[in-house]
Amino acid sequence: MFDVKLVLENREKVLKNLSARNFKETEAVDKIEEFDSKRKKLLTEFEAAKSLQNSRSKEMPQVMKNGTEEEKAAIKNELKLLSEKIKSFTPELKKVENDLNDLLLSIPNTLAEDTPIGKDESENVVVKKWGEKPVFDFKPLEHFDIAKKGIDLERGAKLCGTRFVVYTGAIAALERALMNYMMDCAVKNGYIEVIPPVIVNRETMTGSGQLPKFESDAYKTSEDLFLIPTAEVSLVNLHRNEVIQSSDLPLNYVSYTPCFRREAGSYGKDTKGIIRLHQFNKVELVKFTLPEKSDRELKKLTENAESILQGLGLHYRVVELCSGDLGFNSMKTFDIEVWLPGQNCFREISSCSNTGDFQARRASVRFKRENGKKTEFTHILNGSGLAIDRCIVAVLENYQQNDGTVIVPEVLRPYMENKEVITL
RNA sequence: GGAGAGGUGACCGAGAGGCUGAAGGUGCUCGCCUGCUAAGCGAGUGUAGUGCUAAUCCCGCUACCGAGGGUUCGAAUCCCUCCCUCUCCGCCA
């Protein structure tokens, strides 16, 4: 969320940022200015009237006790009129405040100073490559052909609909192994393990930035509760409306949860296999940091996510998103893309973002320095560590053998009864 | 889900229509005092908005006693709705 002052003081910069993000409704900036000055004007009048009411009200009991009949009637009448005046302000003031708030909630984050400018994903910047493409002496298959039985999309569709899956046997075991491996890595790297609710209320969804703008992307219950699209939502809101001691920062959390996404607007995209599901599992990392440390912590977070792939021996690259491809909440994002031989392309398996104080403002997550008087907003970062289902795709496609079996990466074997190979 | 009791500052806990941003205590901070420590004495100690301002320092004003409405000239105090906590019952993994 934006600070009104920031918008008004850095008008040109904000507009530049918005256009770099392909954010069209730039008139919002003018409206913010308009609503804010209207709000201040109303507020000043309202508070002046309120102040008068308060002081006159204090005199009221004295007058009622000792005053003449005339004085009594006068003060009563005066206060009655004042009260009515004050009440007449309220709806107008509320409306302006709400309108202003809605606008502020609908504008995407600013860009980091060094975020590359670009119009869409074609202008993202590859910043790192790790490992090598595996070489096959046969034509590598896609994951859904490797594990026809274990990845049961037909039954997933039967139970719920398209883009739902049932895992069975070795694939279900692989899923569990990956989850445990990732969680153990995160805990070793100093993240606190959390099991949060996967259904959350409206405030929570607003705090992390899903609402009000992206309501149609989320599954909603009849009680106005939402299924989380990522554990980021739950973790970011862990400290909503809290003031943290600076000595407790950074706070690093990791969570393994199912994630639910309606994927509205992606019909026809990735319809085969388990690349894009309405329900998938993900290990999510979230950090609360001091503002001056968040840049470094984003690097660490990204490295933590990368280390999972390194452990699995999977070839990947790191891409920095350009302004036009950046998510609503983020000021700087590194995507990790893993190599998929079956599809013959890199696919996003993690997205690590620094949201700066954007989410912290929405959720009011603040901290106090050792001897500081003022509270400040923390910086909040998030990253997948990693998307488990896509990791299954990567393991299957990279470790497939000509005989239809798949080699189990060494780091996963302790989690899979020390099996070296799975037969599907 | 049913019955009852509650939700007040960092914490404990008063207040039951105007004198309460909130007694008292604890904690914390800064002074004083004291062989050291403890005790004691004094002062301070929330957040947000807004006005003034070079200022995120002062100072003024406004709001905030779980949340949102209502009654009233005036609400922490009365009424309504919701949320949460505790006790008992029911149900259940």
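Below, each value reflects all heavy atoms present in this structure, side chains not excepted, and no hydrogens, waters or symmetry copies. The model shown is predicted, which means the values in this text are computed figures rather than measured ones. Proteins come first, then strands; the chains are lettered A, B, ... in the order of their sequence lines, and each starts at number 1.
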Rounded off to whole Å, could you give me the [atom1]-to-[atom2] distance for the [X] and [N] pair?
| X | N | atom1 | atom2 | result |
| --- | --- | --- | --- | --- |
| A:Phe89 | B:A63 | CZ | C1' | 16 Å |
| A:Gln62 | B:C73 | CD | C1' | 16 Å |
| A:Gln245 | B:C28 | CD | C1' | 11 Å |
| A:Glu223 | B:C83 | CD | C1' | 13 Å |
| A:Glu203 | B:G66 | CD | C1' | 13 Å |
| A:Phe46 | B:C61 | CZ | C1' | 12 Å |
| A:Leu79 | B:U72 | CG | C1' | 12 Å |
| A:Asn241 | B:G66 | CG | C1' | 12 Å |

Looking only at non-hydrogen atoms, find the nearest pair between A:Glu284 and A:Lys282 and report the distance. OE1-NZ, 2.6 Å
Base partner of [N], which must satisfy Watson-Crick or wobble distances under 3.5 Å:
| N | answer |
| --- | --- |
| B:C41 | B:G31 |
| B:A22 | none |
| B:G4 | B:C86 |
| B:U62 | B:A48 |
| B:U71 | none |
| B:A14 | none |
| B:A54 | none |

Rounded distance in Å between the [atom1] positions of [N] and [M]:
| N | M | atom1 | value |
| --- | --- | --- | --- |
| B:G25 | B:C88 | P | 36 Å |
| B:U71 | B:U81 | C1' | 15 Å |
| B:G66 | B:U72 | P | 23 Å |
| B:C65 | B:U20 | C1' | 10 Å |
| B:G6 | B:C80 | P | 15 Å |
| B:C57 | B:C52 | C1' | 13 Å |
| B:G46 | B:A10 | C1' | 9 Å |
| B:U56 | B:A75 | C1' | 34 Å |

Does the pair A:Glu303/A:Lys300 count as a salt bridge with the N-to-O cut at 4.0 Å? no
Are A:Glu92 and A:Lys38 ion-paired here, with the side-chain N under 4.0 Å from a carboxylate O? no
Among the candidates [options], find the nucleotide nearest to the side-chain atoms of [X].
| X | options | answer |
| --- | --- | --- |
| A:Lys50 | B:U62, B:G74, B:G46 | B:U62 |
| A:Thr375 | B:C73, B:A48, B:U50 | B:A48 |
| A:Lys374 | B:G18, B:G74, B:A48 | B:A48 |
| A:Asn54 | B:A63, B:C73, B:G18 | B:A63 |
| A:Ser57 | B:A63, B:U56, B:G18 | B:G18 |
| A:Ser51 | B:U56, B:U62, B:U47 | B:U62 |
| A:Glu47 | B:U50, B:C73, B:U47 | B:U50 |
| A:Arg39 | B:A48, B:G74, B:G49 | B:G49 |

Note, A:Val4 side chain near A:Ile32 side chain (heavy atom, < 4.5 Å): yes
So what does A:Lys94 hit on the nucleic acid, given a heavy-atom distance under 4.0 Å: a base, only sugar-phosphate, or nothing? sugar-phosphate
Give A:Gln53 one of three labels, base, sugar-phosphate or nothing, depending on what nucleic acid heavy atoms sit under 4.0 Å from its own. sugar-phosphate
Main chain of A:Tyr253, side chain of A:Glu193: is a donor-acceptor contact present, judged purely on distance under 3.5 Å? no
Between the main-chain N or O of A:Leu321 and the side-chain N or O of A:Thr333, is there a donor-acceptor pair closer than 3.5 Å? no
Need to verify one output field. Residue with the more 5' nearest nucleotide on RNA chain B, A:Ser55 or A:Lys58? A:Lys58
I want to confirm an ordering. Mapping A:Lys368 and A:Lys5 to their closest nucleotides on RNA chain B, which one lands closer to the 5' end? A:Lys368
Given the rule in the side chain to side chain contact (heavy atoms under 4.5 Å, CB included) test, do A:Cys391 and A:Leu312 qualify, once you have shown the distances and angles that lead to the verdict? CA-CA 10 Å; A:Cys391 212; A:Leu312 291 167; 3.6 Å; yes
N/O (side chain, [X]) to phosphate O (OP1/OP2, [N]) under 4.0 Å:
| X | N | result |
| --- | --- | --- |
| A:Lys41 | B:G51 | no |
| A:Thr44 | B:C61 | no |
| A:Ser83 | B:U72 | no |

A:Asp389 pairs by side chain to side chain contact (heavy atoms under 4.5 Å, CB included) with which of A:Ile275, A:Leu277, A:Ile151, A:Ile171? A:Leu277
